[in-house]
Amino acid sequence: MAQPVTYGVFSSKNTVYNGAQHGWGIANGGSITIHVTGDSTITFGCCAYGDHTENGWTTDGSQMTLATGENAELTYTYTGAAADITFTNAGANEAYLHSIQVVANNGEKVYAKGTYDFAADYKTTHATSILALNGLEFVGDKENQIIAHSYGVVIKNNGYLLLKVSGNCTVTFTGSTYSSGNMAASVETENAGTITPASQSVVVTEDKTGTYAFNYTGGAATLKFLCSGQAYTPSVTVTYN
């Protein structure tokens with residue numbers, strides 16, 4: 001049986017959360033490194049404020065300009081094997097990003113699989129509302145939804161995780177003793193299948209290693225996990241049965 005694939009998210013240098021209006025600030029000379037598993041499309045949600053120096057957003061062999069409109073998008077297409085792609089702010093001032101989405105571009109439907117490790121090699125950071133990566137998507141209000149520290153992603157009250165799955169599977173969350181509240185599970189795709197339990201506590205007895213899990217039975221579907229409280233989430237694993 002093949003070992004689960006571990007997906008990193010991204011790491012950063014000289015960046016800071018600038019608040020709900022501007023999102024993630026990347027200083028002059030600051031950079032972000034995004035891990036991709038192969039051919040991918042990376043979409044940056046831009047801010048109307050901050051640096052928009054022409055050709056000021058750079059990566060190996062490419063120079064781009066961050067879009068000037070509020071929530072306007074800049075798209076970068078990568079073709080190649082698994083790699084770490086570093087984007088650097090070469091502009092004179094701090095640049096702002098509202099969101100980052102990474103989608104595998106292999107011509108096939110993308111489903112969540114393996115382990116998404118948010119607290120280890122590649123740390124999540126502040127993206128104001130959405131972080132999407134290879135079949136997984138976090139959605140929240142614009143305040144501290146995605147936080148970089150050793151506890152990985154913090155899913156705050158009414159924030160939720162969407163997972164696109166291809167069939168029968170178990171979704172396992174690693175949690176924390178500092179979490180609070182519950183996680184409610186539902187199937188967003190009509191007539192696709194069932195998920196159990198419908199809700200359970202996000203508090204575990206072993207900090208950062210304890211887990212809680214949900215079992216899905218059915219065909220391809222989008223699963224929704226809605227937090228009431230605050231769920232510290234070092235990792236999420238999708239295991240197909």
Distance-only donor-acceptor hits, side chain of residues 184-192, under 3.5 Å, sequence neighbours excluded:
unit_1: Ser186; atom_1: OG; unit_2: Glu188; atom_2: OE2; d: 3.1
unit_1: Thr189; atom_1: OG1; unit_2: Thr222; atom_2: N; d: 2.9

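Distance alone, capped at 3.5 Å, places no donor-acceptor pair between the Gln63 side chain and the Glu54 backbone. Side chain of His52 to main chain of Ala67: a donor-acceptor pair is present (N/O by atom type, distance under 3.5 Å, no hydrogens or angles). Between the side chain of Thr233 and the backbone N or O of Ala231 there is at least one donor-acceptor pair closer than 3.5 Å. Side chain of Thr177 to main chain of Thr205: no donor-acceptor pair is present (N/O by atom type, distance under 3.5 Å, no hydrogens or angles). The main-chain N or O of Asn93 is never found under 3.5 Å from a side-chain atom of Asn28 such that the two would form a donor-acceptor pair.
A donor and an acceptor atom, one from each side chain of Ser201 and Asn182, are nowhere located under 3.5 Å apart. In this model, a donor atom of one side chain and an acceptor atom of the other lie less than 3.5 Å apart for Asn215 and Thr170.
Shown here are the side chain to side chain contact (heavy atoms under 4.5 Å, CB included) partners of Glu206, two or more places apart in sequence or in another chain: Thr209. Residues passing the side chain to side chain contact (heavy atoms under 4.5 Å, CB included) test with Thr211, sequence neighbours excluded: Thr172, Thr174. Remark: Gln230 engages Tyr232 in a side chain to side chain donor-acceptor pair (under 3.5 Å) (not counting sequence neighbours). Legend: residues meeting side chain to side chain donor-acceptor pair (under 3.5 Å) with Asn55, ordered by chain and number and at least two apart, are absent. Every ring-ring contact (aromatic ring centres under 6.0 Å, His included) that Phe44 has, sequence neighbours left out, goes to Trp57, Phe87.
The shortest side-chain heavy-atom distance between Phe214 and Pro197 falls under the 4.5 Å cut-off. You'll find the side chain of Val171 reaches within 4.5 Å of the side chain of Val236, heavy atoms only. Contact annotation: the side chain of Val202 never approaches that of Phe225 to less than 4.5 Å [non-hydrogen atoms, C-beta and beyond]. Here the side chains of Asn89 and Leu66 are not in contact, with every heavy-atom distance at 4.5 Å or above.
Here OH of Tyr78 is found 9.5 Å from CD1 of Ile42. Values are rounded to the nearest 0.5 Å. Between atom OG of residue Ser228 and atom CG of residue Asn158 there is a gap of 8.0 Å, rounded to the nearest 0.5 Å. Taken to the nearest 0.5 Å, the CG atom of Leu74 stands 5.5 Å off from the SG atom of Cys46.
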